[in-house]
Amino acid sequence: MLNYGKFCEFWRKGGNWVFFFLFWFIASAIISSLEHSEENVELTEEEISKEAVNALTNFLKLKKDYFKNYTLLENQLEKIIDVMDTNPDMPRLWAEMDLEMALVQHKMVKTIVDVMKDEFARIESNLDEEDKSGISLANKLIKLLSEENTVNVFRESGEQHVKKLNAEEKERKKKCLERKAEGRSCGEVRMSFGNALHFTSTVFTTTGYGVHSPITMEGKFLTIFLIIFQIPFFLHCLATTASHINSLLDVILGLSSKHEDLENLTTDTANSRQRRLVLLKGLLILASLLLVHMMVAAVYHYCTTGWPFSDVLYFEFVRSASVGFGDIIPEDEYTLVGAIFKNLLVNIPGQIVTFAIFVRALPLIS
């Protein structure tokens, strides 16, 4: 029979982290399986097309006032809006439309080139006479777009691109049929296990970059579950580890155990002065450790991302503060190896040190 006392001791000495990491991996595996189903592929495409339909419908609605004096056009506008706005199948059909291929197949390339030529002619006419370089460039572009060979280049490129897309679509359907014959789903992976690990880590660290998010109803409910249970679990792990770190610092800095009762530091006694000094020294050590940790991570990201160092520093501070704007994110965080090791070596250690600083500073500011 499991000894409760030994289990509590194991839990306090790091067992909570073992269970937390198991929780993280299992939750990631579940959400990955939910989010890359064949149904989710269709749902994702439909959500994207639904946004496009809504955008066009809202644009047309804004034009109602303009057509008030044109009864025939106003009635036609109402018909268009009614079809697009009230039919639930509209996003599904919209997703099947491929304007890129249609433009090539319907010989619209010359029309597009003519539109571009007219636009550069307009731009050229609006340029100041002193802008010699801009006028010269606009004239060169107009001349190029006026040549038949330019149209032929765009047309041939478009036709080759369409042929390639058709071949890829044919191959995709062939593989889909083969997978279905084997009893497997032919849906593409929308959230791989690496993506899921990255997503769930942004939940429990409260970073929430927003790069990956659940689409299915099941995935959204699982995310709610993670917010309710995984975040407090992570905070518990941070708190216990931060407490151990601060206790170790107190011992190293020579604080006697008899002063560990967190007496009132506002009382000017020898004991309070000694404890305040130890707390400040510990804060300096932890802050230095956090700074070194951030600089090492910054150098790594500078070498692997190709970002300017200013962007790297900005990212490190945003990440460390758990703000997570999501405007710039290293691509290696989406991979399986990157999601695991970046959290184990960068994100979680950084949050542990930050939490330890907060715990240590609390007696000084309260």
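Bear in mind that the values here come from a model prediction, so they are computed numbers and not experimental data.
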Distance from Asn195 atom CG to His198 atom NE2, nearest 0.5 Å?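 It comes to 8.5 Å.
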
Say you draw a straight line from CG of Asp128 to CD1 of Ile135; how long is it, rounded to the nearest 0.5 Å?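 Going from CG on Asp128 over to CD1 on Ile135, the span is 8.0 Å.
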
For [X], side-chain hydrogen bond (donor to acceptor under 3.5 Å, both in side chains) partners two or more places apart:
{"X": "Thr150", "answer": "none"}
{"X": "Glu218", "answer": "none"}
{"X": "Asp114", "answer": "Lys110"}

For [X], all residues meeting side chain to side chain contact (heavy atoms under 4.5 Å, CB included), sequence neighbours excluded:
{"X": "Ser146", "result": "Lys117, Ile142"}
{"X": "Ala196", "result": "Ser28, Ile31, Ser32, Met191"}
{"X": "Thr206", "result": "Ile231, Ser322"}
{"X": "Thr240", "result": "Asn16, His236"}

Exercise answer: donor-acceptor pairs, residues 297-313 side-chain atoms, under 3.5 Å, sequence neighbours excluded:
residue, atom, partner, partner atom, Å
Tyr300, OH, Asp332, OD2, 2.8
His301, ND1, Ala297, O, 3.1
His301, ND1, Glu316, OE2, 2.5
His301, NE2, Lys342, NZ, 2.9
Thr304, OG1, Tyr300, O, 2.9
Thr305, OG1, His301, O, 2.4
Thr305, OG1, Trp307, N, 3.2

Starting from Ile252, walk the hydrophobic network (Ile, Leu, Val, Met, Phe, Trp, Tyr; side-chain heavy atoms closer than 4.5 Å) and list everyone else you reach, by chain and number. Leu248

Using a 4.5 Å side-chain heavy-atom cut-off and chaining through intermediate ILVMFWY residues, the residues clustered with Val292 come out as Val296

Test ring-ring contact (aromatic ring centres under 6.0 Å, His included) applied to Phe355 - qualifying residues, sequence neighbours left out: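 Once residues adjacent in sequence are excluded, Phe355 has no partner under the ring-ring contact (aromatic ring centres under 6.0 Å, His included) criterion.
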
Phe67: ring-ring contact (aromatic ring centres under 6.0 Å, His included) partners, not counting sequence neighbours: none

Pair Trp17 and Phe21, ring centroids less than 6.0 Å apart: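 Yes, they do, as the ring centres are separated by less than 6.0 Å.
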
Output field: ring centroids Phe229/Phe23 closer than 6.0 Å: no

For Phe7 and Phe19, take the angle between the two ring planes, folded into 0 to 90°, and tell me which bin it lands in: parallel under 30, tilted 30 to 60, perpendicular over 60.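 Perpendicular, since the angle between the ring planes exceeds 60°.
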
